[in-house]
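In what follows, a single structure is set out as structure tokens and then discussed.
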Amino acid sequence: MRILIVEDEPDLLASLAQALREEGYAVDTADNGDDGLFNAESTDYDAIVLDVMLPGMDGWEILKRLRKTKKTPVLMLTARDQTRDRVKGLDTGADDYVVKPFDLDEVFARLRAIIRRSTNKTTNVIEMGDVKVDTAARTVSLKHKPVELTAREYALVEFMALHRSEVVTRTQLYEHLFDENDTTMSNLLDVHVSNVRKKLGAEFITTRRGHGYCIE
Amino acid sequence: MKIFKSIKWRLQLWYGLILVVVLAGFGFTAYQLERNRQFRQIDDEIQHAVGGLINALQRSFWGQLDPNGEPISGRPPPPDEQPSGHPLINRGMDEPRPPGNFRQPPWKGLLVEHDTNSFYCVIWSREGNELFRSTNTPVDLVVPMRLNSPGPQPPQTRGAFRELFQATRRGEKILVGRSIAPELKELQRKALKLTGVGGIILFFGLAGGGWLVARAIKPINEISATAVKISAGDLSQRINVDEAESELGQLAAVLNSTFARLEAAFAQQKQFASDAAHELRTPVSVVLTQTQTALARERDAASYKQTVEACQRAAQRMRKLIESLLELARFDAGQEGLKRMRFDFGKTISDSIELVQTLAAERGVKIISEITPWEITGDAERLAQVVTNLLTNAIQYNQPGGEVRVSMASPNGLAVLEIADTGQGMAPEDLPRVFERFYRADQSRTGAGNAGLGLSICKAIVEAHGGTIEVASVLNAGTTFTVWLPLT
């Protein structure tokens with residue numbers, strides 16, 4: 001899962017990014033409105049965390065412009081908890097909002113919720129044959145036995161699970177599993193895929209040659 | 001009693017009383033006038049009758065001597081001339097009369113004896129013997145013994161009778177009376193009528209007055225109803241001013257403007273509190289996310305240090321904000337005692353410029369100043385704060401290689417300080433709001449510590465000195481702040 005954070009307070013931005021990375025997300029950051037909009041428009045993020053008060057273009061404006069081209073789920077960070085602000089945010093196209101000061105757990109939960117909704121899932125648990133993925137607890141089990149996965153491996157399984165029955169290209173996987181600071185070699189993706197196959201069964205992920213990967 | 005505390009009822013009571021007094025006065029006077037008129041008329045009739053009787057009596061006696069029947073006046077009959085036997089003695093009205101002068105009683109035409117309301121008459125001889133008594137004389141007639149002079153006497157009222165007791169020149173005493181019962185009855189009727197009319201006037205007076213009072217009181221009721229709503233917390237309520245010219249209309253207008261100021265003050269306070277809370281949200285968010293991230297798992301010392309540093313920055317920012325808020329609150333409460341003294345404002349300005357030189361050098365901004373010694377009265381420390389704040393703004397919102405120009409002037413007893421920069425300037429729509437608390441033209445945090453309170457504090461300080469602060473700006477050309485202070 002790749003997430004963009006647009007926030008101008010450097011300490012807040014840094015800790016948010018760190019916390020989300022530790023949650024297994026690939027995180028990009030922007031500290032002003034213009035960069036934020038550029039990033040949001042040029043990359044397919046799984047979600048965007050957007051502050052309202054920004055130097056340059058403010059959060060409302062970014063949201064308005066972004067909605068012309070993309071349906072990326074957006075979680076607004078607002079300092080005003082008045083109803084009209086919330087209504088304005090939701091009407092402009094925000095998927096949810098969190099009022100500052102917030103708890104990180106709440107931000108994580110709301111992010112999971114908007115990502116889940118954007119992939120038309122209603123629960124946190126995705127079952128694929130013997131494999132069960134709990135996106136809230138971030139655990140994977142095979143035949144009711146927990147399977148140990150690294151953060152990257154989990155992210156790969158989760159993304160594939162959310163896009164089940166779709167062919168996921170390597171580019172897509174790169175875009176959603178690695179952020180702009182990652183300078184990963186392309187064969188690292190193959191390593192992750194083969195590790196997952198070792199842990200969850202060789203036929204769990206099928207390869208569509210020339211297209212990408214797929215979970216049937 | 002509550003009813004007597006009400007203005008409406010007290011007013012009603014008072015003018016009701018006044019109305020009753022006036023009506024009673026008029027009614028009584030009218031009644032008295034009518035009564036006097038009636039009595040005068042009766043008296044005239046009685047006097048006329050008495051006169052006629054006396055004339056007739058005298059004629060009856062003197063008729064022999066005076067064949068012309070002319071009344072003898074001015075010549076009282078000598079007592080010895082009088083016959084020993086009175087012509088009337090022992091002669092009743094219905095008795096056959098002796099031939100001669102008294103065939104017909106001369107007053108016969110004056111008396112209608114079967115009518116109890118008509119005149120009655122009693123005649124006594126000089127000696128006190130009753131000579132004549134008409135049949136309709138009331139039985140309870142008292143013989144008035146006292147008769148001082150033969151001259152005309154005023155008629156007297158005795159019960160329902162009006163009587164005149166008079167003596168003729170010869171000495172006969174005549175009492176002529178009349179029942180005034182019909183007149184009294186008539187007067188009673190008139191009195192009733194007057195009372196009735198008075199009552200009707202009183203009724204309409206009270207009703208009309210009540211209506212007027214209710215109308216006059218109505219705005220007061222509206223005012224109090226509005227005040228009740230306002231005290232219940234709805235500050236947007238206003239009194240409906242229909243009659244702006246009336247006293248109550250003026251009162252309502254005054255109250256309305258008071259309410260408006262109250263509402264504005266409340267709104268300002270609310271805005272201030274909400275802005276203050278808003279300003280605290282970001283640093284608190286920093287502390288929360290930093291600490292929660294740090295505590296999520298074991299970390300090395302360096303990353304804990306980073307977290308602590310970030311928290312410290314957030315705390316510093318909150319401290320600055322709290323200090324600014326307290327400062328403003330003190331100015332708002334009027335408790336901020338200015339340490340007023342005579343001091344050299346020019347030196348204060350030079351010191352402030354010295355203070356910001358480092359920042360100016362960092363930003364590549366040049367400060368050009370013409371400072372001369374300049375004595376004014378005020379709080380040197382506070383005014384230095386104003387100058388430093390304005391200079392810092394002028395440098396921060398300037399462009400590299402820009403200028404800040406500081407100049408002074410003193411037209412008509414005022415100290416004028418002008419600080420002009422060549423920075424980005426401000427849009428005209430932002431200018432009226434720059435002194436507002438928490439207002440930032442760029443709508444975002446431009447760095448910790450800048451909560452958008454600096455200019456509000458400057459304004460509060462300058463105004464506490466009895467001065468004014470103004471701003472003029474051209475977008476992309478520069479901003480000029482002007483401070484006007486009284487010299488003393």
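If you're wondering where the values come from, they're calculated on a predicted model, not measured in any experiment. These values consider heavy atoms only, across backbone and side chains, with no hydrogens, waters or symmetry-generated copies. Below, read A as the first sequence line, B as the second, and so on, with proteins coming before strands; counting in each chain starts at 1.
Electrostatic pairing of B:Arg299 and A:Glu22 counts as a salt bridge here, judged by a charged N lying under 4.0 Å from a carboxylate O.
Within a 6.0 Å radius of CZ in B:Arg261, other residues, nucleotides and ligands contribute 12 heavy atoms or fewer. For B:Lys366, the NZ atom counts as loosely surrounded, since its 6.0 Å shell holds 12 or fewer non-hydrogen atoms of other residues, nucleotides or ligands. A 6.0 Å sphere centred on CZ of A:Arg112 holds more than 12 heavy atoms belonging to other residues, nucleotides or ligands. Taking a 6.0 Å sphere around CZ of B:Phe266, one finds it holds 12 or fewer heavy atoms contributed by other residues, nucleotides or ligands. Atom CD of B:Glu429 has more than 12 neighbouring heavy atoms from other residues, nucleotides or ligands inside a 6.0 Å radius.
Between chain A and the residues B:Ala310, B:Ala296, B:Ser285, B:Ala314, the most heavy-atom pairs under 4.5 angstrom are made by B:Ser285. For chain B, the option among A:Leu13, A:Asp103, A:Leu16 with the highest count of heavy-atom pairs below 4.5 Å is A:Asp103. Of the listed residues (B:Leu280, B:Val284, B:Val287), the one with the most heavy-atom contacts under 4.5 Å to chain A is B:Val284.
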**Request:** Test B:Arg281 against A:Glu9 for salt bridge (Lys or Arg N to Asp or Glu O under 4.0 Å), laying out the working first.
**Result:** CA-CA 12 Å; B:Arg281 283 177 192 278; A:Glu9 162 60 48; over 6 Å; no

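Contact of A:Asp58 with chain B is not made at all, since no heavy-atom distance falls under 4.5 Å.
The minimum heavy-atom distance between A:Pro101 and B:Leu288, with the atom names listed, is CB-CD1, 3.9 Å. For B:Gln292 against A:Leu104, the heavy-atom pair with the smallest separation is OE1-N, 2.7 Å. Taking both residues in full, the closest heavy atoms of B:Thr289 and A:Phe102 are given as CG2-CE1, 3.2 Å, listed atom of the first, atom of the second, then distance.
Using modelled atom types, one side-chain atom of B:Gln290 and one backbone atom of A:Asp11 make a donor-acceptor pair closer than 3.5 Å.
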